[in-house]
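Bear in mind that the values here come from a model prediction, so they are computed numbers and not experimental data.
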Amino acid sequence: MSSRRDFLKGTTAAGIGLGLGGLSMVGCAKDAGEVAEGGPPRPLRILILGGTSFLGPAEVEYALSRGHTVTLFNRGQTNPELFPDVEKLVGDRAVPDYEALVGREWDAVIDNSANVALWVQQAAEVLKDAVGRYLFVSSISAYSDMNTPGMDENGPVFTQEDYDEVIASEADFGAAFGPNKAQAERDTREAFGDRGLVVRPGLIVGPRDRSHRFGYWPVRIDRGGEVLCPGDGNSRAQIVDVRDLGQFLVHLVEQEASGTYTATGPDYPMTMRQMLDGVREGVGSDATLTWVDADFLREHDLQAWMEMPVYQFPGDGDGLLSVNVDKAIAAGLTFRPLTETARDTLAWFKSLPEDQQTMRTGIDPEKEANVLEAWHARNA
(Lines give C-alpha, C1' and ligand atoms only; values in the text may rest on other atoms or scores of the structure.)
Protein backbone atom coordinates (compact mmCIF):
# COMPACT_ATOMS: atom_id res chain seq x y z
CA MET A 1 0.00 0.00 0.00
CA SER A 2 3.06 2.25 0.13
CA SER A 3 2.73 3.67 -3.37
CA ARG A 4 -0.95 4.39 -2.81
CA ARG A 5 -0.16 5.99 0.55
CA ASP A 6 2.46 8.25 -1.06
CA PHE A 7 0.04 9.14 -3.85
CA LEU A 8 -2.76 10.03 -1.44
CA LYS A 9 -0.43 11.96 0.83
CA GLY A 10 0.45 14.17 -2.11
CA THR A 11 -3.05 14.63 -3.43
CA THR A 12 -4.82 15.19 -0.14
CA ALA A 13 -2.21 17.18 1.72
CA ALA A 14 -2.11 19.66 -1.13
CA GLY A 15 -5.82 20.04 -1.55
CA ILE A 16 -7.81 19.37 1.63
CA GLY A 17 -8.70 21.95 4.26
CA LEU A 18 -7.30 24.97 2.46
CA GLY A 19 -8.75 28.46 2.57
CA LEU A 20 -9.43 29.60 -0.96
CA GLY A 21 -9.62 33.33 -0.74
CA GLY A 22 -12.54 35.71 -0.92
CA LEU A 23 -12.41 36.53 -4.60
CA SER A 24 -15.46 36.09 -6.78
CA MET A 25 -15.29 33.32 -9.32
CA VAL A 26 -13.37 34.14 -12.46
CA GLY A 27 -15.44 33.66 -15.60
CA CYS A 28 -19.17 33.26 -15.89
CA ALA A 29 -21.23 30.22 -15.03
CA LYS A 30 -22.80 28.42 -17.93
CA ASP A 31 -26.37 29.15 -18.77
CA ALA A 32 -28.63 26.84 -16.84
CA GLY A 33 -29.82 25.15 -20.01
CA GLU A 34 -26.31 23.89 -20.74
CA VAL A 35 -26.62 21.48 -17.81
CA ALA A 36 -30.34 20.78 -17.78
CA GLU A 37 -32.91 21.88 -20.29
CA GLY A 38 -35.43 24.31 -18.86
CA GLY A 39 -35.63 25.45 -15.28
CA PRO A 40 -35.45 23.22 -12.22
CA PRO A 41 -38.60 21.22 -11.39
CA ARG A 42 -39.26 23.45 -8.38
CA PRO A 43 -37.31 25.79 -6.12
CA LEU A 44 -35.43 23.75 -3.54
CA ARG A 45 -34.16 24.41 -0.05
CA ILE A 46 -30.56 23.19 -0.22
CA LEU A 47 -28.27 22.78 2.78
CA ILE A 48 -24.56 22.72 1.95
CA LEU A 49 -22.19 21.32 4.56
CA GLY A 50 -19.17 23.52 3.94
CA GLY A 51 -19.81 25.93 1.09
CA THR A 52 -17.19 28.68 1.29
CA SER A 53 -13.96 27.00 0.25
CA PHE A 54 -13.37 25.66 -3.29
CA LEU A 55 -16.24 23.49 -4.52
CA GLY A 56 -18.84 25.13 -2.30
CA PRO A 57 -18.89 28.57 -3.95
CA ALA A 58 -19.40 26.94 -7.37
CA GLU A 59 -22.43 25.10 -6.01
CA VAL A 60 -23.83 28.14 -4.23
CA GLU A 61 -23.55 30.46 -7.20
CA TYR A 62 -25.18 27.97 -9.53
CA ALA A 63 -27.94 27.02 -7.08
CA LEU A 64 -28.81 30.68 -6.53
CA SER A 65 -28.89 31.27 -10.28
CA ARG A 66 -31.44 28.45 -10.53
CA GLY A 67 -33.75 30.06 -7.96
CA HIS A 68 -32.98 27.76 -5.05
CA THR A 69 -32.70 28.82 -1.41
CA VAL A 70 -29.32 27.94 0.05
CA THR A 71 -28.21 27.48 3.66
CA LEU A 72 -24.55 27.00 4.59
CA PHE A 73 -23.34 25.06 7.62
CA ASN A 74 -19.70 25.42 8.63
CA ARG A 75 -17.43 26.87 11.33
CA GLY A 76 -17.68 30.37 9.89
CA GLN A 77 -13.90 30.64 9.61
CA THR A 78 -13.17 30.15 5.90
CA ASN A 79 -14.09 33.12 3.70
CA PRO A 80 -16.94 34.25 5.98
CA GLU A 81 -17.44 37.33 3.82
CA LEU A 82 -18.76 35.25 0.91
CA PHE A 83 -22.49 35.24 0.16
CA PRO A 84 -23.68 37.87 2.68
CA ASP A 85 -27.32 37.30 1.69
CA VAL A 86 -27.22 33.52 2.19
CA GLU A 87 -28.26 31.99 5.52
CA LYS A 88 -25.25 30.70 7.45
CA LEU A 89 -25.47 28.28 10.36
CA VAL A 90 -22.41 27.82 12.55
CA GLY A 91 -21.26 24.44 13.81
CA ASP A 92 -18.18 22.26 13.98
CA ARG A 93 -18.27 18.69 12.70
CA ALA A 94 -15.05 17.82 14.51
CA VAL A 95 -16.56 18.52 17.95
CA PRO A 96 -19.25 17.43 16.89
CA ASP A 97 -21.69 20.34 17.05
CA TYR A 98 -24.79 20.09 14.85
CA GLU A 99 -27.09 22.00 17.18
CA ALA A 100 -27.83 24.68 14.56
CA LEU A 101 -29.41 22.03 12.30
CA VAL A 102 -31.79 20.57 14.87
CA GLY A 103 -35.46 21.19 14.13
CA ARG A 104 -34.85 22.38 10.55
CA GLU A 105 -35.85 20.79 7.25
CA TRP A 106 -34.38 20.93 3.74
CA ASP A 107 -35.18 19.33 0.41
CA ALA A 108 -31.56 18.32 -0.16
CA VAL A 109 -28.17 18.28 1.52
CA ILE A 110 -24.84 18.44 -0.31
CA ASP A 111 -22.07 17.20 1.98
CA ASN A 112 -18.77 18.63 0.74
CA SER A 113 -16.78 18.61 3.94
CA ALA A 114 -16.80 15.03 5.26
CA ASN A 115 -13.38 13.45 4.81
CA VAL A 116 -14.01 11.38 7.94
CA ALA A 117 -16.70 8.70 7.78
CA LEU A 118 -17.79 9.42 11.34
CA TRP A 119 -18.94 12.87 10.23
CA VAL A 120 -21.48 11.35 7.84
CA GLN A 121 -22.75 9.03 10.56
CA GLN A 122 -23.21 11.98 12.94
CA ALA A 123 -24.83 14.20 10.31
CA ALA A 124 -27.25 11.39 9.43
CA GLU A 125 -28.39 11.16 13.05
CA VAL A 126 -29.51 14.79 12.87
CA LEU A 127 -30.71 14.97 9.26
CA LYS A 128 -32.10 11.53 8.41
CA ASP A 129 -35.72 12.55 8.92
CA ALA A 130 -35.23 16.22 8.10
CA VAL A 131 -34.07 16.13 4.46
CA GLY A 132 -35.37 14.75 1.21
CA ARG A 133 -32.04 13.81 -0.32
CA TYR A 134 -28.46 13.54 0.94
CA LEU A 135 -25.64 13.91 -1.60
CA PHE A 136 -22.24 12.86 -0.30
CA VAL A 137 -19.23 14.16 -2.23
CA SER A 138 -16.83 11.22 -2.16
CA SER A 139 -13.69 10.76 -4.29
CA ILE A 140 -12.20 8.37 -6.82
CA SER A 141 -9.75 7.67 -3.98
CA ALA A 142 -12.50 5.39 -2.63
CA TYR A 143 -11.47 2.89 -5.33
CA SER A 144 -9.07 0.31 -3.93
CA ASP A 145 -7.66 -0.47 -7.38
CA MET A 146 -5.43 2.35 -8.63
CA ASN A 147 -4.07 0.73 -11.76
CA THR A 148 -6.92 -0.72 -13.83
CA PRO A 149 -7.98 1.69 -16.59
CA GLY A 150 -11.61 2.19 -17.41
CA MET A 151 -13.09 1.42 -13.99
CA ASP A 152 -16.70 2.48 -13.55
CA GLU A 153 -18.95 2.82 -10.51
CA ASN A 154 -18.87 -0.96 -10.02
CA GLY A 155 -15.11 -1.01 -9.48
CA PRO A 156 -13.78 -2.29 -6.14
CA VAL A 157 -13.69 0.19 -3.27
CA PHE A 158 -12.08 -0.03 0.15
CA THR A 159 -14.01 -2.40 2.40
CA GLN A 160 -15.30 -2.12 5.94
CA GLU A 161 -12.28 -4.20 6.98
CA ASP A 162 -9.92 -1.74 5.27
CA TYR A 163 -11.59 1.12 7.11
CA ASP A 164 -11.41 -0.67 10.47
CA GLU A 165 -7.73 -1.39 9.88
CA VAL A 166 -6.70 2.20 9.17
CA ILE A 167 -8.74 3.46 12.12
CA ALA A 168 -7.21 0.90 14.47
CA SER A 169 -3.69 1.62 13.22
CA GLU A 170 -4.17 5.41 13.39
CA ALA A 171 -2.84 5.62 9.85
CA ASP A 172 -1.83 8.98 8.43
CA PHE A 173 -4.41 11.06 6.63
CA GLY A 174 -3.18 10.07 3.18
CA ALA A 175 -3.60 6.36 3.87
CA ALA A 176 -6.92 6.84 5.65
CA PHE A 177 -8.51 9.14 3.08
CA GLY A 178 -9.74 6.50 0.63
CA PRO A 179 -11.04 4.06 3.26
CA ASN A 180 -12.86 6.91 5.01
CA LYS A 181 -14.53 8.00 1.78
CA ALA A 182 -15.61 4.44 0.96
CA GLN A 183 -17.00 3.94 4.46
CA ALA A 184 -18.85 7.27 4.29
CA GLU A 185 -20.45 6.10 1.05
CA ARG A 186 -21.77 2.98 2.82
CA ASP A 187 -23.00 5.10 5.73
CA THR A 188 -24.84 7.40 3.32
CA ARG A 189 -26.65 4.50 1.67
CA GLU A 190 -27.46 2.83 4.97
CA ALA A 191 -28.93 5.99 6.50
CA PHE A 192 -30.78 7.37 3.48
CA GLY A 193 -31.47 4.42 1.19
CA ASP A 194 -32.71 5.58 -2.21
CA ARG A 195 -32.55 9.16 -0.93
CA GLY A 196 -28.78 8.78 -0.66
CA LEU A 197 -26.58 9.92 -3.51
CA VAL A 198 -22.81 9.46 -3.93
CA VAL A 199 -20.58 11.35 -6.36
CA ARG A 200 -16.91 10.44 -6.77
CA PRO A 201 -15.05 13.37 -8.32
CA GLY A 202 -11.63 13.02 -9.84
CA LEU A 203 -9.12 15.86 -9.76
CA ILE A 204 -11.12 19.08 -9.29
CA VAL A 205 -9.47 22.10 -10.90
CA GLY A 206 -10.08 25.71 -11.80
CA PRO A 207 -10.28 29.12 -10.11
CA ARG A 208 -9.88 29.11 -6.31
CA ASP A 209 -7.81 25.92 -6.21
CA ARG A 210 -4.92 26.81 -3.93
CA SER A 211 -3.52 23.28 -4.11
CA HIS A 212 -2.41 24.09 -7.70
CA ARG A 213 -2.70 20.40 -8.60
CA PHE A 214 -3.55 21.57 -12.12
CA GLY A 215 -2.85 25.29 -11.82
CA TYR A 216 0.90 24.76 -12.00
CA TRP A 217 0.61 24.10 -15.71
CA PRO A 218 -1.17 27.35 -16.77
CA VAL A 219 1.20 29.37 -14.58
CA ARG A 220 4.34 27.60 -15.77
CA ILE A 221 3.39 27.57 -19.45
CA ASP A 222 2.41 31.23 -19.27
CA ARG A 223 5.93 31.98 -18.02
CA GLY A 224 7.21 30.68 -21.33
CA GLY A 225 10.52 29.17 -22.35
CA GLU A 226 11.17 25.45 -22.36
CA VAL A 227 8.74 23.49 -20.17
CA LEU A 228 9.61 20.03 -18.85
CA CYS A 229 6.67 17.69 -19.49
CA PRO A 230 6.36 14.14 -18.12
CA GLY A 231 6.50 10.95 -20.16
CA ASP A 232 5.88 10.64 -23.88
CA GLY A 233 2.67 12.68 -23.84
CA ASN A 234 0.42 9.66 -24.36
CA SER A 235 -0.47 8.91 -20.74
CA ARG A 236 -4.07 9.61 -19.75
CA ALA A 237 -5.10 12.75 -17.88
CA GLN A 238 -8.47 13.50 -16.29
CA ILE A 239 -9.70 16.67 -14.59
CA VAL A 240 -13.04 18.34 -13.92
CA ASP A 241 -13.57 22.09 -13.71
CA VAL A 242 -14.96 22.97 -10.28
CA ARG A 243 -17.78 24.97 -11.89
CA ASP A 244 -18.86 22.02 -14.06
CA LEU A 245 -18.82 19.72 -11.03
CA GLY A 246 -20.76 22.19 -8.88
CA GLN A 247 -23.45 22.51 -11.52
CA PHE A 248 -23.68 18.73 -11.89
CA LEU A 249 -24.20 18.24 -8.15
CA VAL A 250 -27.02 20.76 -8.06
CA HIS A 251 -28.51 19.19 -11.18
CA LEU A 252 -28.57 15.76 -9.51
CA VAL A 253 -30.53 16.97 -6.49
CA GLU A 254 -32.90 18.86 -8.79
CA GLN A 255 -33.59 15.61 -10.62
CA GLU A 256 -33.98 13.67 -7.34
CA ALA A 257 -31.34 11.27 -8.56
CA SER A 258 -29.97 8.38 -6.51
CA GLY A 259 -27.09 5.95 -6.85
CA THR A 260 -23.38 6.50 -7.44
CA TYR A 261 -21.63 8.58 -10.11
CA THR A 262 -17.96 8.95 -10.98
CA ALA A 263 -17.47 12.57 -12.02
CA THR A 264 -14.37 13.70 -13.82
CA GLY A 265 -13.58 14.56 -17.40
CA PRO A 266 -13.43 15.36 -20.19
CA ASP A 267 -15.85 13.35 -22.30
CA TYR A 268 -13.09 11.89 -24.45
CA PRO A 269 -9.83 10.01 -23.67
CA MET A 270 -7.52 12.97 -23.06
CA THR A 271 -3.75 12.53 -23.09
CA MET A 272 -1.21 14.63 -21.21
CA ARG A 273 -0.10 16.06 -24.55
CA GLN A 274 -3.66 17.12 -25.41
CA MET A 275 -4.09 18.64 -21.96
CA LEU A 276 -0.89 20.68 -22.06
CA ASP A 277 -1.47 21.75 -25.67
CA GLY A 278 -4.90 22.95 -24.55
CA VAL A 279 -3.37 24.82 -21.62
CA ARG A 280 -0.84 26.49 -23.93
CA GLU A 281 -3.62 27.55 -26.28
CA GLY A 282 -5.79 28.76 -23.41
CA VAL A 283 -3.14 31.01 -21.88
CA GLY A 284 -1.83 32.17 -25.27
CA SER A 285 1.76 31.07 -24.71
CA ASP A 286 4.58 30.30 -27.15
CA ALA A 287 6.32 28.03 -24.62
CA THR A 288 8.16 24.95 -25.91
CA LEU A 289 6.94 21.66 -24.42
CA THR A 290 9.73 19.09 -24.00
CA TRP A 291 8.62 15.55 -23.17
CA VAL A 292 10.99 13.55 -20.96
CA ASP A 293 10.48 9.81 -20.54
CA ALA A 294 9.48 8.26 -17.23
CA ASP A 295 12.71 6.33 -16.66
CA PHE A 296 14.78 9.48 -17.06
CA LEU A 297 12.51 11.34 -14.63
CA ARG A 298 12.98 8.58 -12.06
CA GLU A 299 16.75 8.60 -12.57
CA HIS A 300 16.77 12.29 -11.72
CA ASP A 301 14.51 11.93 -8.67
CA LEU A 302 11.60 13.79 -10.22
CA GLN A 303 8.34 12.87 -8.54
CA ALA A 304 5.04 12.31 -10.32
CA TRP A 305 1.92 14.18 -9.24
CA MET A 306 3.38 16.78 -6.89
CA GLU A 307 6.31 17.84 -9.09
CA MET A 308 4.56 16.81 -12.30
CA PRO A 309 0.85 17.46 -11.60
CA VAL A 310 -1.86 15.30 -13.23
CA TYR A 311 0.76 12.66 -14.04
CA GLN A 312 1.44 9.23 -12.58
CA PHE A 313 4.18 6.84 -13.60
CA PRO A 314 2.84 3.84 -15.57
CA GLY A 315 1.51 1.18 -13.20
CA ASP A 316 1.81 3.43 -10.16
CA GLY A 317 -1.72 4.73 -9.79
CA ASP A 318 -2.35 5.87 -13.35
CA GLY A 319 -5.62 3.92 -13.46
CA LEU A 320 -7.21 6.72 -11.43
CA LEU A 321 -6.56 9.04 -14.38
CA SER A 322 -8.60 6.93 -16.80
CA VAL A 323 -11.86 6.08 -15.04
CA ASN A 324 -15.15 5.62 -16.88
CA VAL A 325 -17.55 8.58 -16.55
CA ASP A 326 -20.26 7.51 -19.00
CA LYS A 327 -22.90 7.29 -16.29
CA ALA A 328 -22.30 10.86 -15.06
CA ILE A 329 -22.34 12.23 -18.61
CA ALA A 330 -25.64 10.46 -19.29
CA ALA A 331 -26.99 12.02 -16.07
CA GLY A 332 -26.07 15.57 -17.14
CA LEU A 333 -22.38 16.23 -16.44
CA THR A 334 -21.05 18.65 -19.05
CA PHE A 335 -17.63 20.16 -19.65
CA ARG A 336 -16.51 23.64 -20.61
CA PRO A 337 -13.50 23.87 -22.97
CA LEU A 338 -10.12 23.09 -21.43
CA THR A 339 -8.83 26.37 -22.84
CA GLU A 340 -11.40 28.23 -20.71
CA THR A 341 -10.41 26.37 -17.55
CA ALA A 342 -6.72 27.13 -18.18
CA ARG A 343 -7.36 30.79 -18.94
CA ASP A 344 -9.59 31.35 -15.92
CA THR A 345 -7.25 29.49 -13.57
CA LEU A 346 -4.35 31.69 -14.66
CA ALA A 347 -6.44 34.86 -14.37
CA TRP A 348 -7.49 33.90 -10.83
CA PHE A 349 -3.88 33.18 -9.84
CA LYS A 350 -2.71 36.54 -11.17
CA SER A 351 -5.51 38.29 -9.29
CA LEU A 352 -4.10 37.12 -5.94
CA PRO A 353 -1.92 39.43 -3.86
CA GLU A 354 1.70 39.04 -4.90
CA ASP A 355 2.70 37.36 -1.64
CA GLN A 356 0.11 34.62 -2.31
CA GLN A 357 1.30 33.84 -5.83
CA THR A 358 3.30 30.78 -4.83
CA MET A 359 2.96 27.25 -6.14
CA ARG A 360 2.24 24.30 -3.86
CA THR A 361 3.03 21.86 -6.66
CA GLY A 362 5.36 21.72 -9.64
CA ILE A 363 9.07 21.33 -10.17
CA ASP A 364 11.53 23.87 -8.79
CA PRO A 365 12.73 26.06 -11.69
CA GLU A 366 16.40 25.29 -11.03
CA LYS A 367 15.73 21.56 -10.90
CA GLU A 368 13.67 21.80 -14.09
CA ALA A 369 16.54 23.52 -15.89
CA ASN A 370 19.04 20.91 -14.66
CA VAL A 371 16.89 17.97 -15.75
CA LEU A 372 16.29 19.52 -19.17
CA GLU A 373 20.01 20.16 -19.59
CA ALA A 374 20.77 16.54 -18.72
CA TRP A 375 18.04 15.31 -21.07
CA HIS A 376 19.43 17.28 -24.01
CA ALA A 377 22.98 16.18 -23.21
CA ARG A 378 21.92 12.54 -23.24
CA ASN A 379 20.18 12.95 -26.58
CA ALA A 380 22.82 15.09 -28.22
Measure the [atom1]-[atom2] distance between [X] and [Y] for me, rounded to the nearest 0.5 Å.
X      : Y      : atom1 : atom2 : value
Asp164 : Gln183 : CG    : CD    : 7.0 Å
Ser65  : Gln247 : OG    : CD    : 7.5 Å
Tyr261 : Leu197 : OH    : CG    : 6.5 Å
His68  : Ile46  : NE2   : CD1   : 4.5 Å
Glu307 : Asp364 : CD    : CG    : 8.5 Å
Asn154 : Asn324 : CG    : CG    : 10.0 Å

Is there a side-chain contact between [X] and [Y] (heavy atoms, below 4.5 Å)?
X      : Y      : result
Leu321 : Trp305 : yes
Val279 : Leu346 : no
Val205 : Thr345 : no
Ser144 : Val157 : no
Val250 : Leu44  : no
Pro230 : Met272 : yes
Met151 : Pro156 : yes
Thr262 : Ile140 : yes

Q. Going by the side chain to side chain donor-acceptor pair (under 3.5 Å) test, which pairs reach into residues 123-139, not counting sequence neighbours?
A. Asp111-Tyr134, Ser138-Glu185, Ser139-Ser141

Q: Kindly state each residue pair satisfying side chain to side chain donor-acceptor pair (under 3.5 Å) with at least one member in residues 291-300, sequence neighbours excluded.
A: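 Checked against side chain to side chain donor-acceptor pair (under 3.5 Å) - neighbours excluded - no pair reaches residues 291-300.
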
Donor-acceptor check, side chain of [X] to backbone of [Y], threshold 3.5 angstrom: yes or no?
X      : Y      : value
Arg93  : Trp119 : yes
Asp107 : Arg45  : yes
Gln356 : Pro353 : no
Glu226 : Thr290 : no
Lys350 : Val219 : no
Asn180 : Ala176 : yes
Trp217 : Pro309 : yes

Compare every heavy atom of [Y] with every heavy atom of [X], then report the nearest pair and how far apart it is.
X      : Y      : answer
Arg210 : Leu352 : NH2-CD2, 3.5 Å
Glu59  : Gly246 : CG-CA, 3.8 Å
Gly76  : Pro80  : O-CB, 3.6 Å
Val325 : Pro266 : CG2-O, 4.2 Å
Thr52  : Leu82  : O-CD1, 3.7 Å
Asn147 : Gly317 : OD1-N, 2.6 Å

My understanding is that only residues two or more places apart in sequence, or in another chain, count here; which of them pass ring-ring contact (aromatic ring centres under 6.0 Å, His included) with [X]?
X      : answer
Phe73  : Tyr98
Phe83  : none
Trp375 : Phe296

Q. Between Thr264, Ile329, Asp241, which is the residue that forms a side-chain contact (heavy atoms from CB on, under 4.5 Å) with Phe335?
A. Ile329

Q. Among Thr71, Val109, Leu72, Asn74, whose side-chain contact (heavy atoms from CB on, under 4.5 Å) with Leu49 holds?
A.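 Checked Thr71, Val109, Leu72, Asn74 against Leu49; only one passes side-chain contact (heavy atoms from CB on, under 4.5 Å): Val109.
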
Quick one: salt bridge (Lys or Arg N to Asp or Glu O under 4.0 Å) partners of [X], sequence neighbours excluded?
X      : value
Glu87  : Arg104
Arg195 : none
Lys327 : none

ILVMFWY network linking [X] to [Y], side-chain heavy atoms under 4.5 angstrom:
X      : Y      : value
Val120 : Val199 : no
Val198 : Val116 : no
Ile110 : Val86  : yes
Ile48  : Trp106 : no
Phe158 : Phe136 : no

Q) Taking 4.0 angstrom as the limit, do Arg336 and Asp344 come out as a salt bridge? A) no

**Q.** Pairs flagged by ring pair (Phe, Tyr, Trp, His ring centres under 6.0 Å) wherever residues 226-246 is involved - sequence neighbours left out
**A.** none

Q: If a pair satisfies ring pair (Phe, Tyr, Trp, His ring centres under 6.0 Å) and one of its residues is in residues 265-290, list it, with sequence neighbours excluded.
A: none

(Q) Tell me every residue that passes side chain to side chain donor-acceptor pair (under 3.5 Å) with Asp318, counting only those two or more places apart in sequence or in another chain. (A) none

(Q) Is there a side-chain hydrogen bond (donor to acceptor under 3.5 Å, both in side chains) between Thr260 and Glu153? Walk through the geometry before answering. (A) CA-CA 7 Å; Thr260 301; Glu153 290 77 6; over 6 Å; no

**Q.** Distance-only side-chain donor-acceptor flag, Tyr143 / Arg200, under 3.5 Å
**A.** yes

Q.
Can a side-chain donor-acceptor contact be found between Glu368 and Asn370 if the only test is distance below 3.5 angstrom?
A. no

Q) Ring centroid separation for Tyr62 and His251, is it under 6.0 angstrom? A)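 Ring-ring flag for Tyr62/His251: false, centres at least 6.0 Å apart.
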
[X], [atom1] atom: more than 12 neighbouring heavy atoms under 6.0 Å:
X      : atom1 : value
Asp286 : CG    : no
Asn234 : CG    : yes
Gln357 : CD    : yes
Gln121 : CD    : yes

Q | Any pair counted as salt bridge (Lys or Arg N to Asp or Glu O under 4.0 Å), so long as it reaches residues 263-284, sequence neighbours left out | A |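 Salt bridge (Lys or Arg N to Asp or Glu O under 4.0 Å) check on residues 263-284 returns Asp277-Arg280.
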
